[in-house]
Amino acid sequence: MAHDVYVTRVIPQPGIDLLREQLNVTVNDDDRQLSANELKRLASTHDALVTLLTDRVDRSVLAAGGDRLKIVANVAVGYDNIDLVAASEMGILVSNTPGVLTETTADFAWALLMGIARRTAEAQTFLRAGKFHGWGIMMMLGEDVHGKTLGLVGYGRIGRAVAKRASGFDMAIQYFDPVISAEDADALLPARQVDLDTLLRTSDYVSVHTPLTPETTHLIGAAELSSMKPTAYLINTSRGPVLDEAALADALTAHTIRGAALDVFEREPEVEPRLMELDNVLITPHIASASVATRTRMATMAAENVIAAMRGERPPTALNFDEVARNG
Ligand code: GLV
C-alpha cells in the first residue's frame with residue numbers, strides 16, 4: 001500500500017513530482033501557515049510530513065503522529081522549528097537540506113554586506129523619491145569593503161563560503177566558533193580563530209552564521225553590541241533570535257554601530273518597528289536561499305529523504321537516524 005505524505009506549504013514542483021512517483025501526496029495548496037491543531041491532525045493521518053521552517057513541529061505534534069508518522073522532512077537547513085530530541089525519543093526521523101543552499105546563502109549574505117556598506121537600498125529609495133537633483137561629491141558616502149576586517153560568528157559551511165568571497169576582497173578574516181577547532185577550519189583560507197569579544201571589538205563587518213540553539217539565542221545582545229566599533233556593520237542571515245532585535249534597534253538609533261543588514265527576524269513575519277524606519281538598516285524577508293535552482297534542489301532533497309524513509313532505508317540527510325534506530 002502506498003504511503004501518505006502531506007506537504008505543509010507549496011514547494012517547487014519537482015519535489016512534489018518526485019514524491020508523486022511513488023507515494024500518495026497531498027499539498028496544502030492554499031500555501032497558508034497551518035495551525036498547531038491542523039499539524040497534529042495531519043501528523044496522525046500521514047506517514048510523512050514535508051515541513052517548512054514556518055511549521056512548529058513540537059512534542060505535541062510529534063506525539064499526535066503516534067505509531068504512524070515516520071519522518072518529518074524539513075525543507076531548510078535550519079531545524080530549530082522541530083523538537084529533534086522528542087522526535088528521536090518517539091522514533092520519528094527528521095531530515096533537513098544541508099549543503100545545497102550554502103553558496104546561495106553566502107551570495108546573499110555578501111549582497112547584504114555590500115548593500116549596507118554602499119547604501120544601495122537607501123540610495124534607490126532616495127532616487128525614487130525624486131531627491132536626485134544632480135551628482136554630488138558628498139552624496140551617499142558609504143564605507144569600503146575591500147581591505148577591511150570581517151568577523152564571522154559561526155564558521156560552518158555557510159560561514160566559510162562567506163569567507164571565500166571575502167578573500168577575493170582582500171579582507172582580513174576572523175571567526176568565532178566554539179564547535180570547530182582551528183585545525184578543522186579550512187586550511188586554504190587564512191582565517192584567525194578568536195573569542196567572541198575580540199571578534200566584536202576588532203571587526204568592521206560582523207556576519208552571523210550560527211544555527212539557533214538555546215546557546216545561541218540572544219548571543220548578540222546589548223553588551224555584545226556595545227563592544228562593536230561605532231563604524232562596524234552587523235549582518236544576519238542565520239536566525240532572528242540569535243540577535244536581540246530590540247537591543248539592536250537601540251544601538252542603531254544611538255549610532256553606537258554604523259548599520260545592520262538583516263534577512264531574519266526574532267518574530268517573523270513581524271519586524272521590530274524601529275528597524276522599519278531607520279536608514280542605516282537593510283532588511284529583506286528571509287530570502288537568503290531563494291534562488292530558483294537552490295529552492296528546487298531543497299524540495300527534491302526533502303522528497304528523497306521521505307522516499308528513503310518509506311522504503312525503510314537511511315534517508316540521505318537524516319539528522320537522527322542512529323538515535324531512531326537505537327530507540328526503535
Ligand atoms: C533557511 O533559513 C534555512 O534554514 O534553510
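We count ligands from 1, going down the list as the structure has it; atoms in each ligand are counted the same way. Note that the structure is a prediction, hence the values are computed from the model and not measured.
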Counting from 1 in the order shown, the ligand 1 atoms closer than 4.0 Å to a non-hydrogen atom of Gly78 are 3 (C), 4 (O)

Side-chain contact test, heavy atoms from C-beta onward, threshold under 4.5 Å: evaluate it for Leu262 versus Leu248 and give yes or no.
yes

Could you walk me through whether Asp4 and Arg68 pass the salt bridge (charged side-chain N to carboxylate O under 4.0 Å, His left out) check?
CA-CA 10 Å; Asp4 296 312; Arg68 179 149 188 204; 2.7 Å; yes

Atoms of ligand 1 close to Leu101 [distance to a heavy atom under 4.0 angstrom, numbered from 1]:
5 (O)

Determine whether the side chains of Thr253 and Arg274 contain a donor N or O and an acceptor N or O closer than 3.5 Å.
no

Counting only heavy atoms not in Tyr79 (residues, nucleotides, ligands), do more than 12 fall under 6.0 Å from its OH?
no

Return the closest protein heavy atom for atom 5 (O) of ligand 1 as residue, atom name and distance.
Val77 N, 2.8 Å

Going by the order shown, which atoms of ligand 1 are within less than 4.0 Å of some heavy atom of Leu53?
1 (C), 2 (O)

In ligand 1, the atoms that come under 4.0 Å of a heavy atom of His286 are 1 (C), 2 (O)

Any N or O of Ser289 closer than 3.5 Å to N or O of ligand 1
no

Indicate yes or no: at least one non-hydrogen side-chain atom of Glu143 is less than 4.5 angstrom from one of Tyr205.
yes

Atoms of ligand 1 close to Ala76 [distance to a heavy atom under 4.0 angstrom, numbered from 1]:
3 (C), 4 (O), 5 (O)

Would you tell me whether Thr54 and Asn81 have side-chain atoms, one donor and one acceptor, within less than 3.5 Å of each other?
no

